[in-house]
Structure formats: C-alpha cells, structure tokens
Protein chains: 2
Amino acid sequence: MTTPTDPSAGLERLLEAELTTEPVFLMARAASTGSSAANKKLAQLELKVRHYSVLALACGEERLTQRELSQFLVLDPSQIVAILDDLERRGAVERRTDPRDRRSKIIAPTAAGRKLYAQARTLVENSTAESLSPLSPAERDELSRLLKKVAF
Amino acid sequence: MTTPTDPSAGLERLLEAELTTEPVFLMARAASTGSSAANKKLAQLELKVRHYSVLALACGEERLTQRELSQFLVLDPSQIVAILDDLERRGAVERRTDPRDRRSKIIAPTAAGRKLYAQARTLVENSTAESLSPLSPAERDELSRLLKKVAF
DNA sequence: CTTAACCATTGACATTTTCAACGAATAGCG
DNA sequence: CGCTATTCGTTGAAAATGTCAATGGTTAAG
C-alpha cells in the first residue's frame, strides 16, 4: 500500500509564507481537504457531506422544518429541497406537513434512514480520525471546541 | 447601527445536535462564514479571497510557478489561469517565463500589486478579527496553530 | 375579510469545480 | 543525437454549487 503522494509535497519552503498565518486561508484549506476526504469515504454509500449533514439532523432529537435546516446549515432553501429529494427518493427521510403550520414540512428519518446514518457516521468518523491524525486527542478536542465557538 | 440578525438565530436548541461535534461540519461552517465575511470586505477592492491568496503568495519571498500556486492552494491549474488573468489585467502581477524551464511561468508582483496586497491584507485582518472575536487572543493563536498542523 | 408575510418549490443565472485535450517545452533513454 | 514520455500553461465543456426572483398554498395581523 503506497502512501498517496501529498499534492503539495515539495513546497515546504512555503510553510513560512505570510499566507500561512491567515486563519481564513487555513480554514479554507483544512475544510477543503477534510470534506473532500469525507466525501470520498461517503461515496461508497452514494452520499456527500451535505446529505450526511441533513441526515444527521433528521436523525437527531429535534424535529426540524426545511427552513430550519436551511438556516442551520447555511444553505439556500432550494438546496435543501434538492438534498431532501435525494434522501427521500432513497427512502431515508420523509417530509411531513407540519400540522401546526401547513406551510412548513417537518423532516423525519425512516428506519432505513437511521441505518444509513449509522453507517455514514462510522465512515465520517474514520475520515475525521485520519484528517486530524497530526493532532493529539487533547488537541482534537480543543480544535473542536474552538471551531464551535467560531461557527456559532 | 443595528446588529445584522444572525441567520441561525433561534436554533440554540440545536447546539447539542450530534452534528455539532463533527469537525468536518464545524470546519465547513466556520470556513464558509469566515471567507464570505472576508469576501464582503475585499469586495471594495474588487477582490475575492482566492485572488487575495494568489496575490499574497506572489508578494512573498519565494518566486512560484503557476503549478506551485495550484498545488499549494489546492486549486485546479485552470483556476489559477483565471485568477492570474484577472490580476494581470489589473496590473497587479506579471507572468514571466522561467528561463530555466520555458514551460513554466513565474509569477511576480508589480509595485501596484504590492500596494494592493497591503490594502487587502488590512481588510482581511479586520475581517479575521471580527470572525474570531468570540475567541481570546490566546485561543486565536491556538486555533491557528492547530489548523496549520491539520492543513499541511 | 383583506392584506401582508412566510414556507417550500421551481427555474434561471452566476460562480466554482472537475476533467479531457492541446501546443510548446523538457527529460530520459536508446 | 533522435525518439518517446512527461510536464507546463491554456482552453473549453460539463457537472456541481451558490444566489436570487417568482409562484401557489398557507398563516398572521389588522
């Protein structure tokens, strides 16, 4: 098993570049490599991170409307529609008209959806473990803590 | 001056959602909000983060080829072409055929380019300060340190 | 009851990503 | 030296993503 060559190999001399101190850049790069790694793993379930995120929320404690999903995930309502079309076609979630406000639709997971989420979750955790492998367990926790403060 | 309403306001009940513990999700969200904030500031210079990144590297110590920019920024070579077309049209950078390998082109900043970078850098720093405002100075340093370890 | 606002959805459009193919130039090897 | 394979920047097409206005159905406010 050959280690996949780092695409940015041979550029160690750039580690001192001013850009390397910019959090915007670091975040973008970390997020980009991280989610593309996760997407690769999720591909075997024909999922992408965006589907995984919606599915995860659908499988959570709170029952959410599409509007709420849209706000929380910072995605346009129309994108939520597309993602839900995929997930619903696969029988992973259901749209239920909110009885208290028939404009909204509440997203609920099916049994198959929960199963799918369980599998996906494992894959994502593997991917995360690899992505964060340069960090110690304590550092991973700290990173998550800091990101959470920034992201909300 | 009214504080722009947080788009994800009223969803505090989701802060305990399982998804909130996933670094992939946190990174994506932090990166997304962070760079869209930076983009807004950079708009007054008619720049985006991607242009800023290339300009920053061009203004650094190392003289880089397009291929190297592409690898370091994890962007397709064709995207580098487009970004450089913009920057060159504005007279911020120059493409110089590498005398040691006439296939490659070395990117060099012009005087105007350095000036532009200086202005842009200030804007980005302001944006970063706002984005990371929920963190203490020590936490910001720690976040940068951790991100750097992950991103490279 | 009427008007304004909200939700999910659709469709159009811009931006970004991804990929294959090309000419020019170099590197490796006989 | 000559031939072949590889690399570089560039172009163009296709797919994915993001952004935005308009719609029908529904609710809220007066």
Side-chain angles (χ1 to χ4, degrees), chain A residues 5 7 9-10 28-29 31-33 35-40 42-43 46-54 58 63-89 93-108, chain B residues 5 7 9-11 28-29 31-33 35-37 39-40 42-43 46-54 58 63-89 93-108:
Chain A
T5 305
R29 183 160 160 147
S32 151
T33 63
S35 68
S36 99
N39 275 330
K40 267 175 207 153
L42 286 174
E46 291 181 289
L47 287 177
K48 300 193 177 180
V49 174
R50 62 206 292 112
H51 300 96
Y52 172 77
S53 299
V54 169
R63 290 283 70 90
L64 303 176
T65 67
Q66 296 185 203
R67 175 68 45 173
E68 290 168 324
L69 288 172
S70 150
Q71 292 172 334
F72 195 71
L73 298 177
V74 197
L75 290 177
D76 190 87
S78 61
Q79 300 194 59
I80 299 294
V81 169
I83 296 170
L84 287 177
D85 284 348
D86 290 343
L87 291 177
E88 199 172 32
R89 193 180 312 120
V93 302
E94 286 177 3
R95 291 186 233 227
R96 297 177 185 162
T97 305
D98 185 344
R100 287 170 309 184
D101 182 347
R102 304 167 37 79
R103 285 173 301 185
S104 321
K105 296 186 183 167
I106 293 178
I107 306 307
Chain B
T5 305
L11 295 179
R29 183 158 160 150
S32 151
T33 64
S35 67
S36 98
N39 274 331
K40 267 175 207 152
L42 285 173
E46 291 180 291
L47 286 178
K48 301 192 177 180
V49 174
R50 60 206 294 107
H51 299 98
Y52 172 77
S53 299
V54 168
R63 289 284 70 87
L64 302 176
T65 67
Q66 297 185 203
R67 176 67 45 172
E68 291 169 325
L69 289 172
S70 150
Q71 293 172 333
F72 195 70
L73 298 177
V74 197
L75 291 178
D76 190 86
S78 61
Q79 300 194 58
I80 300 294
V81 169
I83 296 170
L84 286 176
D85 285 348
D86 291 343
L87 291 177
E88 199 172 32
R89 194 179 312 119
V93 302
E94 285 177 3
R95 290 187 234 227
R96 297 177 185 162
T97 305
D98 185 344
R100 287 171 307 183
D101 183 345
R102 304 166 36 80
R103 284 172 302 184
S104 324
K105 296 185 183 168
I106 293 177
I107 305 308

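Quick note: numbers below take in every heavy atom, side chains included, and nothing from hydrogens, waters or symmetry partners. Lettering follows sequence order; numbering is per chain, from 1.
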In whole angstrom, what separates [X]'s [atom1] from [N]'s [atom2]?
{"X": "B:Arg102", "N": "C:dA27", "atom1": "CZ", "atom2": "C1'", "value": "16 Å"}
{"X": "A:Leu69", "N": "C:dA8", "atom1": "CG", "atom2": "C1'", "value": "12 Å"}
{"X": "A:Asp98", "N": "C:dC6", "atom1": "CG", "atom2": "P", "value": "17 Å"}
{"X": "A:Lys48", "N": "D:dA15", "atom1": "NZ", "atom2": "P", "value": "12 Å"}
{"X": "A:Arg100", "N": "C:dC6", "atom1": "CZ", "atom2": "P", "value": "19 Å"}
{"X": "B:Arg96", "N": "D:dC8", "atom1": "CZ", "atom2": "C1'", "value": "19 Å"}
{"X": "A:Arg67", "N": "D:dT27", "atom1": "CZ", "atom2": "P", "value": "16 Å"}
{"X": "B:Leu84", "N": "D:dT11", "atom1": "CG", "atom2": "P", "value": "12 Å"}

Which nucleotide in the set [options] lies at the smallest distance from any side-chain heavy atom of [X]?
{"X": "A:Ser78", "options": "C:dA8, D:dT19, D:dG18", "value": "D:dT19"}
{"X": "B:Leu75", "options": "D:dG18, C:dT17, D:dT10", "value": "C:dT17"}
{"X": "B:Asp101", "options": "C:dA8, D:dT11, C:dT26", "value": "C:dT26"}
{"X": "B:Arg103", "options": "C:dT18, D:dG9, D:dT7", "value": "D:dT7"}
{"X": "A:Thr65", "options": "C:dT16, C:dA8, D:dT19", "value": "C:dA8"}
{"X": "A:Pro77", "options": "C:dT9, C:dA25, D:dC8", "value": "C:dT9"}

Quiz prompt | A:Arg95 vs C:dT9: side-chain N/O to OP1/OP2 distance below 4.0 Å | solution = yes
Quiz item: Between B:Arg50 and C:dT17, does any side-chain N or O lie under 4.0 Å from OP1 or OP2?
Solution: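 Result: yes.
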Quiz item: Do B:Ile83 and B:Leu73 have side-chain heavy atoms sitting under 4.5 Å apart?
Solution: no
Quiz prompt | Side-chain donor or acceptor of A:Gln71 paired with backbone N/O of A:Glu68 under 3.5 Å | solution = no
Quiz item: Counting N and O atoms only, with roles assigned by atom type, does the side chain of A:Thr97 sit under 3.5 Å from a partner on the main chain of A:Lys105, one being a donor and the other an acceptor?
Solution: no
Quiz item: Between A:Pro99 and A:Asn39, which is nearer to the 5' end of DNA chain D once each is assigned its nearest nucleotide?
Solution: A:Asn39
Self-check item: Closest-nucleotide 5' rank along DNA chain D - winner of A:Asp76 and B:Ile80
Solution: B:Ile80
Quiz prompt | Residue whose closest nucleotide on DNA chain C lies nearer the 5' end, A:Asp85 versus B:Gln79 | solution = A:Asp85
Practice problem: Starting from the 5' end of DNA chain C, give me the residue, A:Lys105 or A:Ser36, whose nearest nucleotide shows up first. | Solution: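 Of the two residues, A:Lys105 wins.
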Exercise. Start with the C-alpha distance between B:Arg50 and B:Gln79, add both sets of side-chain angles, then the distance that settles side-chain contact (heavy atoms from CB on, under 4.5 Å), and finish with yes or no.
Key: CA-CA 10 Å; B:Arg50 60 206 294 107; B:Gln79 300 194 58; 2.4 Å; yes
Practice problem: Find the distance between OG (A:Ser53) and NZ (A:Lys48) and round it off to the nearest 0.5 Å. | Solution: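 That separation rounds to 13.0 Å.
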